[in-house]
Amino acid sequence: MRTHYCTDLNENNIGEEVRLVGWVNSYRDHGGVIFIDLRDKTGIIQLVADPADSKEAWEQADKVRDEYVISIKGVVRDRGEGLHNPKLKTGKIEVVVKQMEIQNECKVLPFAIGDKNVNEELRLKYRYLDLRDPKMFEIFSLRSKVSIAMRNYLNNHGFLDVETPVLTKSTPEGARDYLVPSRIHAGEFYALPQSPQLFKQLLMVAGFDRYFQIAKCFRDEDLRADRQPEFTQVDLEMSFCNQDDVIAQVEGMVKAGFEAANQTLVTPIRRMTYHDAMEKYGSDKPDLRFGLEMVDVIDLFEDSNNEIFANIAKDQKRNRFKALKVSGADNHYSRKQLKELESFVRKFGAAGLAYIQVKEDGLKGPLVKFMSEASLQQLLDRLKPEVGDIIFFGAGEKKVVLDYMGRLRIKIANDMNLIKDGYEFVWIVDFPMFEADDNGNPTPLHHPFTMPNMDTWDEENFEDIKSIAYDLVLNGYEIGGGSIRIHKEDIQEKVFNMLGITQEQAKEKFGFLLDALSYGAPAHGGFALGLDRFIMLLSNTTNIRDVIAFPKTQKASCLLTEAPSPVEKEQLRELHIRVKLPQNEAN
RNA sequence: GGAGCCGUAGUUUAGCUGGUUAGAAUGCCGGCCUGUCACGCCGGAGGUCGCGGGUUCGAGUCCCGUCGGCUCCGCCA
């Protein structure tokens, strides 16, 4: 049908007869001569229809409108002196049309192809038109290259691509499951996998040694700009490994993907403990494209004449007093804007936002009078502020302070444009094994099959127990995570005990896994990379929908297919399902 | 579950303290035009102001509800 793609042609083809097919990107009718920009996935080339060359072709060209599909036969020629268009890759040449066939017409478009000012709602309804934009093709071309490169890396390193079930068993832990009713088993349900976690561990027990899969995962939780209900993980698992072995393979894989995107990644990627990330950046996924590290100043308020501050400083295990020095902030933030920063942190539980402005004539701010001379001097020594800086303070319960100060740090970096271009990877390691739930009971931070660091095992202080888990963070996004798994029954029992899970409960919930571990399970561990987020960052967008061909809206519907939708009564009957809507309307 | 922002020709939008026929740009249709590439010039058509109620002599505008989209909090082992 075609001899070339549009941008395959260049000056070397001058004089050649070619056949091209594609879409009419635009046309310019000059009464006599008609110009058509023909587009395919590679780009654009200009066609010229001149009645002097072919009356019939010109008559066809006269009928052409935007986004018509046409095929042409023509001859490549130089555009001539002064007529080159440097904006086009093919701007030096054009194709003189000898024959033209309109293969398909196009209705008036709901929006101009490539117009990103249009409502996303409309673009999603006509996603196939939105995807015609060459910029969109570029994203999916990148996604394809990156994922193939990572696949190849894993293949070359002994990882076997194995598919695991999509119809599987609901597990009570973790995110809400998407359920699929069983026709054959009345009243029973499959769950779509939140990840292939348990299956990949079983493959290790099976002795496959190294597994990977580019797997769709499903979580029925509320959406965000970087979260879709179905998403893709590059999932991997390996046997007879420790944390460094897994990290080395992941770094190799990510590097391969990165290089496929024409980026360079220097390995090894730096590592930071969970503790340091929380204390310095107030987040377990710190954005390291800018500084603004928090500094501990709780000791400087032990002698404060303010009762509240002095009290906070008394319990240095449970409380925090953090300082965030922002260079030049005094010139950037007005009084009113500083108030706005305060109401920003209040949303995250802050009682207020104290700050000290460093002026020509000294320190200004309510906190100054609550500090002793000696403490103030120590503060200056510790932070070394300069005139024009503002030091922000967060004080109170550890978890709350770290959270809102971490958010403040990011907000200020955005406000003051402190975020550098580029990619900053970091491994977060030494995660706590457990955290306290609302009632103060231990719950797993990762999942209950994560290997605890037994050197830190402490029945009395479960919050101090570390796990052998690691997250990969890029520019403030968690792009993946993994762990070494428990492969011994006695340790697994200890963990279940800690979680208050009885043997019967464990057997009922995860019996098949525990069984498997008792038949000669090798030490093993793995990792899963969030492919969508990774591609999102490589595509320089902050919206995961941009890198998913047919994404869902925030209410998890597909505007193109209108899924989800009601189904026929007969379908429900076969599935033994009766629908009961909240308003008491029966279906 | 909660908070905020948004919804007006095909599209992007203007529309003030409620007041004649809801205005513009672009797209679309028709005419003219042989070197444009955001082609140009002339003319024309095109609006349930998301939907439903209410207040009012009168609602795109005010109030209540509802639907949809986006961002965030909760949630996401």
Side-chain angles (χ1 to χ4, degrees), chain A residues 25-38 44-53 58 61 65-67 77 79-88 90-91 94 96 106-126 129 171-177 194-195 197-198 217-229 231 343-344 346-349 403-404 407 411 431 433-435 437-438 442-450 467 469 478 481 483 495 499 509-510 528 530 542-543 545 551-557 559 562 583:
Chain A
N25 197 67
S26 63
Y27 64 96
R28 293 172 293 280
D29 182 350
H30 285 253
V33 68
I34 298 171
F35 299 99
I36 294 171
D37 287 345
L38 185 72
I44 282 171
I45 190 163
Q46 174 166 283
L47 311 179
V48 195
D50 190 324
D53 292 306
W58 178 82
R65 295 293 178 268
D66 282 357
E67 297 304 312
R77 79 174 174 205
R79 288 197 184 188
E81 199 67 26
L83 297 174
H84 292 177
N85 181 354
K87 289 184 202 160
L88 290 185
T90 57
E94 61 191 6
V96 184
C106 177
K107 291 202 290 189
V108 175
L109 295 162
F111 56 89
I113 304 296
D115 185 353
K116 293 301 182 233
N117 286 324
V118 174
N119 257 329
E120 196 183 1
E121 196 175 347
L122 194 70
R123 286 169 39 208
L124 289 178
K125 182 174 175 188
Y126 298 96
L129 296 179
T171 49
E173 312 291 317
R176 195 178 293 115
D177 284 322
Q194 295 174 26
S195 84
Q197 181 62 37
L198 299 180
C217 304
F218 306 85
R219 290 178 193 175
D220 188 6
E221 295 294 345
D222 287 345
L223 279 62
R224 287 286 187 280
D226 64 346
R227 242 157 61 187
Q228 282 274 304
F231 60 99
S343 55
F344 173 79
R346 276 183 196 278
K347 283 187 289 193
F348 303 105
D403 179 56
Y404 75 72
R407 292 177 193 268
K411 178 165 174 52
F431 276 82
M433 181 73 193
F434 307 101
E435 62 181 346
D437 67 10
D438 294 339
T443 58
L445 197 80
H446 206 60
H447 58 63
F449 314 112
T450 302
S467 66
E478 182 202 323
S483 63
V495 171
L499 294 170
K509 287 177 178 178
F510 321 105
T542 51
N543 187 332
R545 293 183 300 276
K552 294 188 171 53
T553 67
Q554 196 169 41
K555 286 196 175 155
S557 44
L559 298 178
E562 296 184 318
Q583 300 87 1

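Note on naming: letters A, B, ... go to the chains in the order of the sequence lines (proteins, then strands), and numbering restarts at 1 for each one. Here the structure is a predicted model, which means the values were calculated and not measured. Computed from heavy atoms alone, side chains included, the values below leave out hydrogens, waters and symmetry copies.
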**Report entry** A/Arg227 (side chain) and B/C75 (base): donor-acceptor pair under 3.5 Å
**Finding:** yes
**Report entry** Contacts of type side-chain contact (heavy atoms from CB on, under 4.5 Å), residue A/Arg219, not counting sequence neighbours
**Finding:** A/Ala175, A/Gln194, A/Ser195, A/Phe231, A/Gln233
Query - Residues which pass ring pair (Phe, Tyr, Trp, His ring centres under 6.0 Å) with A/Tyr126, listed by chain and number, not counting sequence neighbours - result: none
Report summary line: Rounded to whole Å, CG of A/Leu223 lies from C1' of B/G2 at a distance of 17 Å
Report task. Determine which nucleotide pairs with B/U12, using a 3.5 Å limit on both distances of a Watson-Crick or G-U wobble pair. Result -> B/A24
**Report entry** Partner nucleotide, any strand, of B/U66 [Watson-Crick/G-U, under 3.5 Å]
**Finding:** B/G50
Requested in this report: Can you tell me the distance, in whole Å, between the CG atom of A/Asp437 and the P atom of B/C76?
Outcome: 12 Å
Query raised in the report: What string of B, S and - do you get for nucleotides 35-43 of chain B, 5' to 3', when a contact is any protein heavy atom under 4.0 Å?
Result: BBBSB----
Query raised in the report: Between the base of B/G74 and the side chain of A/Asp222, is there a donor-acceptor distance below 3.5 Å?
Result: yes
Report summary line: Judged by nearest nucleotide, the residue sitting upstream toward the 5' end of RNA chain B, A/Leu559 or A/Ala52, is A/Ala52
Using a cut-off of under 3.5 Å, enumerate the N/O to N/O pairs linking the protein to nucleotides 9-11 of chain B.
unit_1: B/G10; atom_1: O2'; unit_2: A/Pro110; atom_2: O; d: 2.9

Requested in this report: Using side-chain contact (heavy atoms from CB on, under 4.5 Å) as the criterion, list what pairs up with A/Ala469, not counting sequence neighbours.
Outcome: A/Phe431, A/His446, A/Thr450, A/Ser467, A/Ser483
Could you pull out the protein-nucleic contacts involving nucleotides 49-52 of chain B (nitrogen or oxygen on both sides, under 3.5 Å)?
none

Requested in this report: Report the base-pairing partner of B/A3 (Watson-Crick or G-U wobble, both distances below 3.5 angstrom), or none.
Outcome: B/U71
